[in-house]
Amino acid sequence: MITHLRGTVVLGDEREVGEAWVVGDRLTLEQPAGAPEAVLEGWVLPGLVDVHCHVGLAADGAVDAATAERQAVADRDAGVLLVRDAGSPADTAWVHARDDLPRLLRAGRHLARPKRYLRHYGRELADPGDLPDAVREEAARGDGWVKLVADWIDRDLGADGDLRPLWPDDVLAAAVAAAHAAGARVTAHTFSHEALDPLLDAGVDCLEHATGATPAQVERIAAAGVPVTATLLQVGQFGAIAAQGEARYPRFAARMRAMHERRYAHVRDLHDAGVPLLVGTDAGGTIGHGRIADEAAEMVRAGLPAHDVVAAASWRTRAWLGVPGIAEGASADVVVYAADPRRDVAELARPAAVVLRGTRVR
């Protein structure tokens, strides 16, 4: 089957063409010999990317395959055709065999310490010295990524309970080196400023949230070229999290509330410093799937240009992950809009067509 893509076909930053074609499950920029059976017209973007998503995870931990499928379909129908799964207790390798579900790059299980992360989410290591070996194992199970929990509240401190790093600096460095030796990249959950410098010293490849970064750390992140996934939908819940912990953990609550209040300014500061910002919903757990447009709108609300946010939700992050966008011979994974989302980010919530592996799924 041949489908003609016509209008504005976005190849990348400042790179557009007027048309492209889907032939079978592949894209071509050269007109094929046969007549098209279908025409899709509008603004054509490479399939969107949710770079912080948890297929197979809900509030109480792992879900069954049917629920995970519904999660993936919700993401797909929102235009997300590539997911970097940022940790899941469920084995979702079966998704790779499903041509009707988004492409999935799995990070295996979150690596954490006992009682130092959400229950039923992570793989908990009683001995922090086991982290490098655990990283090797998760790298072998995943698709080129490993997820570390770098900080979490330490409840053993009682009323002084607050965010604290989970790993000794030398162990953290050895773990990141082990991942790199295995051909995997490492991303890390971090809310606090205390965990950031050891992560950067260790050579981490990506940061999730990074809400506690000081101005000096923002400059250091930018200089290192380490991307940050803003997860503003998740940070938007920090106020409620603070309220829940106020009575028992006042220091933790105060910190979470402060990060919530300056969340937009913080993301704007990261952008202005030149930090590559990624678009991730943190779906799974307490946030529903299929909300990429809501996350993008929050980033624009923080002051980022719509063009940069849409680029980060599509072709830029595809390139960073090593997955082609719209290119000769690439998989036909595109989203079509009636208007240009680079001018009005709200258009991301209104895909006119979604094409995955050459098949129109919406």
Side-chain angles (χ1 to χ4, degrees), residues 50-54 57-60 86-87 110 112 115-122 147-155 157-166 187-196 199 206-215 217-218 221 227-273 275 277-289 291-304 309:
D50 191 334
V51 81
H52 188 129
C53 191
H54 304 282
L57 176 68
D60 295 325
H110 308 73
K115 299 182 181 180
R116 295 295 303 280
Y117 195 49
L118 295 163
R119 291 180 63 191
H120 310 306
Y121 277 35
K147 173 71 175 291
L148 304 182
V149 178
D151 57 34
W152 198 253
I153 183 173
D154 187 346
R155 296 178 178 86
L157 298 176
D160 289 329
D162 199 356
L163 296 172
R164 292 288 184 269
L166 268 65
T187 194
H189 160 102
T190 173
F191 289 161
S192 72
H193 67 84
E194 291 93 337
L196 274 170
L199 286 169
C206 188
L207 296 167
E208 310 303 313
H209 320 297
T211 46
T214 66
Q217 288 172 328
V218 168
I221 295 167
V228 171
T229 313
T231 64
L232 278 169
L233 291 176
Q234 182 62 264
V235 184
Q237 299 186 133
F238 279 15
I241 294 171
Q244 291 171 358
E246 183 79 52
R248 295 183 64 187
Y249 308 110
R251 293 184 61 179
F252 167 76
R255 190 197 298 232
M256 297 297 283
R257 188 174 294 109
M259 291 189 294
H260 175 263
E261 290 172 354
R262 71 174 310 271
R263 64 194 185 279
Y264 294 134
H266 178 66
V267 169
R268 189 167 57 250
D269 289 347
L270 288 166
H271 176 266
D272 291 348
V275 174
L277 285 170
L278 307 177
V279 184
T281 61
D282 207 352
T286 59
I287 295 175
H289 285 257
R291 297 191 61 191
I292 192 76
D294 294 334
E295 180 66 28
E298 280 289 278
M299 294 175 75
V300 171
R301 189 170 293 118
L304 275 62
V309 173

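Residues: numbered from 1 along the sequence shown.
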Check P250 against A159 and note the closest heavy-atom contact, atom names and distance.
CD-O, 3.5 Å
For a quick test of reading the model, state the closest non-hydrogen atom pair linking G280 to D50 and the distance between them.
CA-OD1, 3.3 Å
If you measure from CG on L148 to CG on L166, what distance do you get to the nearest 0.5 Å?
9.5 Å
Could you grab the distance from atom CZ of R263 to atom NE2 of H209, nearest 0.5 Å is fine?
15.0 Å
Any T229 side-chain heavy atom under 4.5 Å of C206 side chain:
yes
Taking all heavy atoms of G161 and all of R251, pick out the closest pair and write down the distance.
O-CB, 4.0 Å
Mind checking the CZ-CG spacing from R262 to D269? Nearest 0.5 Å is all I need.
5.5 Å
Could you pull out all residues at least two apart from H110 that satisfy ring pair (Phe, Tyr, Trp, His ring centres under 6.0 Å)?
H54, Y117
Is any side-chain heavy atom of F238 less than 4.5 Å from a side-chain heavy atom of T211?
yes
Distance-only side-chain donor-acceptor flag, R257 / H260, under 3.5 Å
no
Sub-4.5 Å side-chain heavy-atom contact between L233 and D282
no
I want to check something: taking the side chain as every heavy atom from C-beta on, are H52 and L278 in contact at a cut-off of under 4.5 Å?
no
Flag the pair V235 / H266 as yes when at least one side-chain heavy-atom distance between them is below 4.5 Å, and no otherwise.
no
Using side-chain heavy atoms (C-beta onward) and a distance below 4.5 Å, is L157 in contact with Y249?
no
Nearest atoms (heavy-atom pairs only) where R116 meets P165:
NH2-O, 3.8 Å
So M299 and L232, do their side chains get closer than 4.5 Å, heavy atoms only?
yes
From I153 atom CD1 to I241 atom CD1, the distance as rounded to the nearest 0.5 Å:
10.5 Å
Name all residues meeting the side-chain contact (heavy atoms from CB on, under 4.5 Å) criterion together with L163; count only those two or more places apart in sequence or in a different chain, and write none if there are none.
F191, S192, F252, R255, M256, M259
So, using side-chain contact (heavy atoms from CB on, under 4.5 Å) as the criterion, who are the partners of A150 when residues are at least two apart?
A188, T190, A195, L199
Looking at D60, I'd like to know if its CG atom is crowded, meaning that more than 12 non-hydrogen atoms belonging to other residues, nucleotides or ligands lie closer than 6.0 Å.
no
Go through it in stages, so that I can follow the logic: the residues are R248 and R155, the test is side chain to side chain contact (heavy atoms under 4.5 Å, CB included), and I'd like the CA-CA distance, side-chain angles, deciding distance and then a yes or no.
CA-CA 9 Å; R248 295 183 64 187; R155 296 178 178 86; 5.9 Å; no
Return the CD to OG1 distance between E295 and T281, rounded to the nearest 0.5 Å.
7.0 Å
If you look at every heavy atom in V218 and A273, which pair is closest and at what distance?
CG1-CB, 3.6 Å
Side chains of H189 and D151, heavy atoms from C-beta outward: is any pair under 4.5 Å?
yes
What is the minimum heavy-atom distance between V279 and A296, and which atoms define it?
CG1-N, 4.5 Å
Between the CD atom in Q237 and the OG1 atom in T231, the distance rounded to the nearest 0.5 Å is 10.0 Å
